[in-house]
Each structure stands twice: as C-alpha cells, then as structure tokens.
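What follows is one structure encoded as structure tokens, with my remarks underneath.
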Protein chains: 2
Amino acid sequence: MAQHLTMNDIAQMANVSVATVSRVLADSPNVRAQTRERVLEIVKANRYEPSYIARSLSAQKTHTIGVVIDDIANPFFMELAKGVESVVRDRGYTMLLTSSNWDWHKESVLVRTLVRNRVDGVLIAAVHPESDSTELLKNTEVPFVLMNCWSSDETVSYVSGDSVAGGRLAGECLLKANVQQYLCLVGVPHQSSEERAQGFIEAINAVDKGESLHVYRDVPGFDDGYRIVTGLIARHRLDAVKTGIFASNDFVAMGVVGSLLDHSIAVPEQVSVIGYDNIAFAEQCRIPLTTVNQPKKTMGELAAAALITSIESGNPGCEQLLLRPRLVVRRSCQPLTG
Amino acid sequence: MAQHLTMNDIAQMANVSVATVSRVLADSPNVRAQTRERVLEIVKANRYEPSYIARSLSAQKTHTIGVVIDDIANPFFMELAKGVESVVRDRGYTMLLTSSNWDWHKESVLVRTLVRNRVDGVLIAAVHPESDSTELLKNTEVPFVLMNCWSSDETVSYVSGDSVAGGRLAGECLLKANVQQYLCLVGVPHQSSEERAQGFIEAINAVDKGESLHVYRDVPGFDDGYRIVTGLIARHRLDAVKTGIFASNDFVAMGVVGSLLDHSIAVPEQVSVIGYDNIAFAEQCRIPLTTVNQPKKTMGELAAAALITSIESGNPGCEQLLLRPRLVVRRSCQPLTG
DNA sequence: CCACGCTGTGTAATCGCTTTCATTTGCAGG
DNA sequence: CCTGCAAATGAAAGCGATTACACAGCGTGG
C-alpha cells in the first residue's frame with residue numbers, strides 16, 4: 001500500500017540525478033532555471049512529498065521538539081502546550097506532544113521514546129520527584145527545559161511560576177476574608193503544589209490571629225476536592241465556623257465549591273474559596289473563582305524559545321526563570337477592605 | 001553535541017556484528033543466550049537508545065499516527081484526543097497531535113507535514129469544506145479516518161456523532177420549555193454545526209405553535225455568544241419575551257448564559273439555554289448546562305481503532321459510524337413535563 | 001589557441017538500522 | 001573421527017534523503 005514516491009522516481013522522470021532534485025527542493029542556487037522548473041513541475045504533477053524520515057537520518061536533525069505533560073485534557077497543560085506550539089511552529093519545528101496521565105513511571109518511558117525518536121530537544125512539565133527523566137536526558141545529551149517546576153541544579157534550564165509567592169498571595173487574600181479556620185488542600189506531591197501550600201501556610205502563620213489551620217494532602221482533582229469537603233460537612237466542620245479554603249489548583253477549588261453549594265453552604269458568605277492557575281473556566285464556573293494566575297501561555301513560549309535557542313546555538317545556555325504569579329479576585333473569595 | 005551512540009558502537013564494544021545487536025534488540029530467537037546477555041549489558045551500561053528514525057526508514061513504517069484537530073486548548077477536542085491516544089498507545093503507536101487553530105489553510109499544510117513525516121495513518125477532526133486534506137491523503141494512499149464529521153464518499157471512513165439527531169433532541173427539549181421565541185446560534189460553517197442547526201430547526205418547525213425562530217450564523221466561541229446576546233438585550237429582544245436559545249456548542253452556550261446573568265436575566269426562568277457536546281465543564285458552569293452529549297472519548301477510540309486495523313490489515317476497510325447523541329438535562333433548560 | 005574559472009550536473013559515500021543470504025560454529029550420530 | 005544439520009553469526013544490500021567531490025561544458029583573458 002501507501003507506496004510513496006521517492007526522490008529517485010522524480011529524478012528519473014525528470015532525466016536528472018537525485019542530487020539535482022535535492023538541490024531544487026532545497027532551493028540551492030546552483031541549478032539552471034530551466035531544470036528547476038522541469039523538476040518542480042514533475043514534483044507537483046506527481047504530488048511528491050519528500051520523506052522527512054530520510055532527511056532526518058541524513059541531516060542528524062529531526063526538527064522536532066518533544067513535550068511531556070501530565071494530562072492532555074487538562075486546560076492548564078493545554079494552554080501551556082499552546083504557547084509551546086506557537087513558538088515551536090514559528091521556528092520551523094514540529095511539536096510531539098505526549099502525556100503521562102500523572103503516571104510517574106510512564107513519564108520516563110515517554111522521555112525515552114522521545115529520545116529514541118531523536119527529537120532535537122525536550123520540554124517537560126512538572127517532573128516527578130521519582131522520575132529519572134532528567135538524568136536520562138542529561139546522559140544522552142539531549143537539550144531540555146523544565147516547565148512549571150524548577151531545579152537547584154545550575155545546569156538545568158527551567159521556566160516556572162514562583163509557587164511559594166503564589167501561595168503567599170492566596171494566603172494574604174484569605175487573611176483579609178475574616179474567617180475563623182483555614183483549610184489547605186494540596187494536590188499530588190509535586191514540587192509546585194507543595195510550594196503553593198508552603199507559601200500559603202507561611203502567609204497564614206505570619207499573622208497568628210488564633211485561627212486553626214488544617215492541611216489535607218493528596219487532593220489532586222475535582223472529585224477529590226468534592227469528596228473531602230463533603231466529608232467535612234458531614235462531620236459538621238464547615239457549617240458552624242466561617243472557613244477559608246485554599247485549593248492548590250482550580251479543579252480542586254471547583255470541586256470544593258460544588259460540594260459547598262450542593263450542601264447549601266454559601267460561597268463566599270459562609271466559606272471563602274481560592275484556587276490556583278486561573279484556568280479559562282475559573283471565570284465561568286458556578287461561583288466565579290478567586291484564584292492565583294499563572295502566565296501559562298507565556299511559560300510555554302519562553303520555555304520553547306529557550307530550548308530552541310539552546311539547540312540552535314549548540315551550547316546548553318542555561319535559562320532559569322521564575323514567573324511572577326498574580327492574584328485574580330472574583331467572587332469565591334472577596335477580601336474585606338480595611 | 002548530542003552525539004548519540006549507534007548500533008555500530010555497541011556492536012564493536014560487544015565484539016559482535018550490528019546484525020547480532022539488532023537481533024538481540026528485536027528479541028529474535030536465534031541468538032545465543034550468552035551473547036544476548038553480553039549485548040544487553042553493554043546496551044544498558046552505555047544507555048544506548050536505538051534510533052527510531054533509522055528503524056523507520058528501514059522498515060518503511062513509523063508506528064506513528066498523525067492527528068489533526070482544530071484547537072489544542074479546547075476540551076472537546078482534547079477529550080477526543082485522549083480517546084485516540086489511549087488506543088494508539090495500547091497498540092504500540094505514537095500519536096503526533098497537531099492543531100490548525102481553525103485555519104482552513106493550515107489544515108492542509110498540517111496534513112502535508114504529516115505525510116512527509118510518513119505517519120502510518122491520519123485522523124482528522126472536522127475537515128473544513130474548503131480544505132483539500134482528504135484529497136491529498138487519498139492521492140498519497142495514506143490511510144485516514146475522519147472524526148466528528150462524515151462523508152458521502154463510500155470509500156472514506158469516519159466516526160462521527162449524528163448531529164441532525166442531536167439538534168433534534170435539543171429542539172424537542174426546548175419545545176417543552178414553553179417559550180415564545182427560538183434562537184439558534186450556529187458556529188463556524190462546519191458540517192457538524194450546520195447539521196445541528198438543521199436538526200434543531202426541523203424539530204421546531206415540525207410543531208408549529210406560532211413561535212418565531214431566528215438563526216444567527218458565525219457564532220463559534222464564548223465571546224461571540226456573549227456578544228450576540230448582549231446585542232439582543234440592548235435591543236430589548238430578550239427581556240420581554242420568554243426565549244429558548246440553542247447554541248451549537250457548549251462554549252457559545254456559556255457565553256450566552258454569561259451575558260444573560262450579567263444583565264440580570266434569569267436562566268432558565270426567563271431564557272432557556274441548551275448547548276451541545278457536554279464538555280466536562282458544562283456541569284460546573286454558572287448555570288449547569290442542559291446540553292447534548294457526544295461520546296467524545298469513544299469517538300476517538302473507535303476512530304483510532306478503525307484506522308490502526310486498516311493500517312495493519314493492509315486494506316482500506318471502510319468503517320462508517322454515526323454515534324447516537326444523548327440529551328443531558330441540567331438547569332439551564334428544564335422541560336416542563338406534560 | 002590554451003589555460004583558467006565558473007556554473008551545472010552526476011557519482012557515490014553517508015546517516016543507523018533491518019534483513020537476506022552466506023558462512024561459520026557446535027553438536028549429535030554413524 | 002568424520003559427516004551432516006541446525007543454530008549462531010557476519011557481510012552486505014537496501015531504505016530515501018544530503019552533500020562532498022569530480023567533472024563536463026563554456027566563456028574569457030592573455
């Protein structure tokens with residue numbers, strides 16, 4: 001089936017050698033105008049499409065950037081990927097997007113696959129602590145840039161958000177909401193969710209007004225947020241006391257809000273909720289979400305640009321960026337002024 | 001840089017020929033156990049990763065499936081892609097996901113790029129009428145399956161939803177909502193949005209009760225839905241008359257709801273709204289959305305399975321599926337019983 | 001009229017792997 | 001100890017492009 005034409009076929013039809021065809025297709029100047037035209041005509045007439053596979057093998061360059069994210073259906077990662085994609089395409093590369101579905105083991109398998117596919121560089125969002133992805137990349141000397149997490153290794157490039165600062169913003173916002181207890185819901189044990197929680201806790205503890213602070217871990221998604229809050233309501237931990245809840249991402253926050261509303265607890269009157277990421281839907285959910293914005297698209301763009309620059313320059317050129325988060329106040333948590 | 005080890009390097013270190021290394025890596029039975037071990041040891045010790053590029057060139061097969069969608073940050077396409085990805089990965093392929101950003105021209109460029117990358121097959125969501133993608137694929141004899149749209153060409157495989165039926169479901173639902181005028185917002189001029197509108201209009205016209213029906217076209221996204229409705233409100237076309245609005249996708253519906261609420265028009269009390277697709281957020285938006293569900297993930301899975309089967313069997317094997325849509329009643333449109 | 005240089009084209013090596021075919025090795029049976 | 005057959009291995013030809021190098025043709029200047 002799918003018997004593709006080869007450059008040789010075209011060469012024969014045009015009565016020239018493959019070298020000439022190659023030159024025509026590469027816009028090399030050393031081809032007679034007449035020959036060029038004839039070749040191009042035959043190429044077009046026969047709908048010849050050159051094989052990038054062969055080209056890559058010969059050129060030792062695939063013009064492909066591998067991207068590893070955690071969840072392909074998650075708006076946060078998708079906006080990130082969109083940023084990556086735009087830069088990658090502009091600079092003449094193709095993006096190979098893969099997703100680990102939050103599986104730490106799969107992540108290193110994916111990176112391995114990318115290396116085998118000889119991508120020119122790799123972008124990874126949120127490396128898992130247990131994963132050996134970065135080690136593999138270092139050993140194979142494939143350029144890579146981390147996204148949405150950072151590394152203390154000075155040779156590793158990354159573009160991330162300042163999660164501690166973001167968590168602090170959330171905490172400060174909730175401090176002004178005049179609540180009597182704080183809840184902090186931490187997602188999967190990632191660097192960034194841990195840091196968000198850390199910043200939040202710091203901010204709360206910096207101003208001890210005698211409120212209580214409870215931390216719940218392993219609350220990664222909508223359902224988990226919903227479940228936890230539903231459990232707390234059942235134990236009458238939320239209906240009597242005015243509460244502020246910080247969720248380490250907007251999904252969890254939406255789950256929290258969902259459960260509260262379903263149990264007739266008013267947001268933000270009885271419980272204030274604040275999320276993280278500012279995904280596109282945060283504005284349109286049942287109670288528009290107060291949240292900490294991350295410049296997702298920018299993050300993807302910067303990471304991709306840094307990677308490609310490093311690829312093309314040939315030297316590692318370490319770029320370490322921490323993007324500033326920004327508080328977005330909507331309805332779910334409204335700080336009392338003064 | 002990134003000087004990858006080659007099979008030759010491994011062969012020399014192990015004092016065998018490349019053929020033997022290749023056999024070891026391919027799990028060929030004709031290798032002495034002792035030799036196999038020695039080779040594997042060296043492979044592991046040196047972290048050798050075989051080049052899929054070279055392999056593909058030699059084998060004339062890339063084990064890669066190209067996927068073209070319209071928007072990489074759109075939950076509908078992403079759930080579709082997730083379905084595709086799971087099947088593709090299970091069957092030992094890699095998914096190459098590309099997005100056209102709703103640009104008709106870019107779509108055929110993308111398909112061309114996929115062909116040049118010699119993907120083993122292509123999945124396209126929503127081919128644009130003006131695009132020549134399918135023609136290119138037919139000519140190059142690359143197997144492909146359409147998703148979320150269908151073709152009258154009996155040689156073309158597709159897996160889609162029955163949009164006319166879905167539109168009809170929406171219409172029937174709105175008919176029971178006891179409104180005095182109907183609005184139908186149609187998205188980009190795609191086959192599927194046109195058919196959704198068509199089914200809707202059919203359903204409304206089948207039961208003429210004297211209500212008026214207005215159709216607005218080119219309303220593809222959230223902002224467009226918001227804008228249109230805001231305009232109508234300004235002209236007092238929505239505040240006096242009880243209205244039912246059908247939006248050809250959930251984004252538009254959310255825009256519609258957003259504008260209505262922002263202008264203090266009650267949903268569904270004054271205006272009933274119904275969307276299409278049942279994206280994950282439809283349940284969690286300001287007013288939980290009544291909508292027509294499409295089995296997005298299933299669609300992706302079936303399309304991918306059909307494609308890979310056709311690739312591996314070697315014959316085109318035409319599969320044409322129209323999946324049944326299902327009405328999901330939530331708050332934004334509640335039909336009065338009886 | 002010849003040497004020189006430039007343009008245009010072809011030849012062949014190369015990229016890293018698979019696979020066929022030939023050859024070597026090992027081992028059992030006579 | 002030799003024959004024969006099967007198992008293990010190697011040599012080499014692709015796969016489809018790129019590209020260094022060789023060379024043919026041809027106009028120009030000495």
Side-chain angles (χ1 to χ4, degrees), chain A residues 1-40 42-43 46-64 113 115-120 140 142, chain B residues 1-40 42-43 46-64 113 115-120 140 142:
Chain A
M1 338 169 289
Q3 215 47 278
H4 290 274
L5 280 178
T6 76
M7 195 171 260
N8 219 323
D9 299 328
I10 302 296
Q12 288 186 353
M13 295 184 204
N15 275 319
V16 293
S17 73
V18 284
T20 301
V21 177
S22 176
R23 276 187 280 256
V24 169
L25 263 45
D27 264 331
S28 158
N30 294 334
V31 182
R32 198 155 45 124
Q34 187 190 328
T35 312
R36 177 187 305 278
E37 264 184 54
R38 180 155 42 97
V39 170
L40 283 180
I42 294 186
V43 164
N46 296 80
R47 301 160 183 277
Y48 165 68
E49 302 291 343
S51 163
Y52 285 171
I53 296 291
R55 202 203 287 277
S56 294
L57 180 61
S58 179
Q60 296 287 72
K61 188 159 198 323
T62 54
H63 278 273
T64 297
T113 304
V115 169
R116 293 182 170 191
N117 276 297
R118 295 294 186 264
V119 294
D120 294 337
T140 53
V142 174
Chain B
M1 340 172 288
Q3 217 45 279
H4 291 275
L5 280 178
T6 73
M7 195 171 259
N8 220 324
D9 298 328
I10 301 296
Q12 287 185 354
M13 296 184 205
N15 275 321
V16 293
S17 70
V18 284
T20 301
V21 178
S22 176
R23 276 187 280 255
V24 169
L25 264 46
D27 264 331
S28 156
N30 295 332
V31 183
R32 200 156 42 127
Q34 186 189 330
T35 312
R36 176 187 306 278
E37 263 183 56
R38 180 155 41 98
V39 170
L40 284 180
I42 295 188
V43 163
N46 296 80
R47 300 160 185 278
Y48 164 69
E49 302 291 343
S51 163
Y52 285 173
I53 297 290
R55 196 196 289 262
S56 295
L57 181 60
S58 178
Q60 296 286 74
K61 187 155 198 326
T62 54
H63 279 275
T64 297
T113 304
V115 169
R116 291 182 171 191
N117 276 298
R118 295 292 187 266
V119 295
D120 293 338
T140 53
V142 174

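Letters A, B, ... are given to chains in the order of the sequence lines, protein chains preceding strands, and every chain is numbered from 1.
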N/O (side chain, A:S58) to phosphate O (OP1/OP2, C:dT14) under 4.0 Å: no
For atom CG of B:N15 and atom P of D:dA11, their distance in whole Å: 12 Å
Distance below 4.0 Å between A:S22 side-chain N/O and D:dT18 OP1 or OP2: yes
N or O in side chain of A:T20 less than 4.0 angstrom from C:dG10 OP1/OP2: yes
Spacing of B:R118 atom CZ relative to D:dG16 atom C1', expressed in whole Å: 9 Å
For atom CD of A:Q12 and atom P of D:dG16, their distance in whole Å: 12 Å
Phosphate-side-chain proximity, A:S17 and C:dG10, N/O vs OP1/OP2 below 4.0 Å: yes
Rounded distance in Å - NE2 (A:H4) to C1' (D:dG16): 12 Å
Phosphate-side-chain proximity, B:Y52 and C:dT18, N/O vs OP1/OP2 below 4.0 Å: no
DNA chain D: 5'-proximal contact among A:M7 and A:R23 (nearest heavy atom): A:M7
Spacing of A:K61 atom NZ relative to C:dG16 atom P, expressed in whole Å: 16 Å
Exam field: side chain B:R47 to backbone A:T140, donor-acceptor pair closer than 3.5 Å: no
Whole angstrom value for the distance that separates P of D:dG16 from CG of A:L57: 12 Å
Between OG on residue B:S17 and CG on residue B:N8, distance to nearest 0.5 Å: 9.5 Å
Nearest-nucleotide pick for A:T6, side chain only, options being D:dA17, C:dG10, D:dA12: D:dA17
Below 4.0 Å: OP1/OP2 of D:dG16 and any side-chain N or O of B:Q60: yes
Length of the CD1-P vector between A:I53 and D:dC15, whole Å: 16 Å
CA sep, side-chain torsions, deciding dist, call: B:R32, B:T20, side-chain contact (heavy atoms from CB on, under 4.5 Å): CA-CA 10 Å; B:R32 200 156 42 127; B:T20 301; over 6 Å; no
Between the first and last five pairs of the helix from C:dC1-D:dG30 to C:dG30-D:dC1, the angle of the axes, rounded to 10 degrees: 60°
Working for side-chain contact (heavy atoms from CB on, under 4.5 Å), residues A:I42 and A:Q12: CA-CA 10 Å; A:I42 294 186; A:Q12 288 186 353; over 6 Å; no
Any side-chain heavy-atom pair of A:Q60 and A:R118 under 4.5 Å: no
Touch class at under 4.0 angstrom, heavy-atom based, for B:A59 against every strand present: nothing
Residues touching DNA chain D, which here means a heavy atom under 4.0 Å, drawn from residues 27-40 of chain B: B:P29, B:N30, B:V31, B:R32, B:T35
Heavy-atom donor-acceptor pair, B:R36 side chain to B:D27 backbone, under 3.5 Å: no
A:N117 and A:T62, any side-chain heavy atoms less than 4.5 Å apart: no
Distance in angstrom units between A:N8 CG and D:dG16 P, rounded: 9 Å
Validation row: B:V39, B:R23 side chains within 4.5 angstrom (heavy atoms): no
Pairwise side-chain contact, A:P50 with A:R55, heavy-atom cut-off 4.5 Å (strictly under): yes
Touch class at under 4.0 angstrom, heavy-atom based, for B:V21 against every strand present: nothing
Heavy-atom check, side chain of A:L5 versus side chain of A:I10, under 4.5 Å: yes
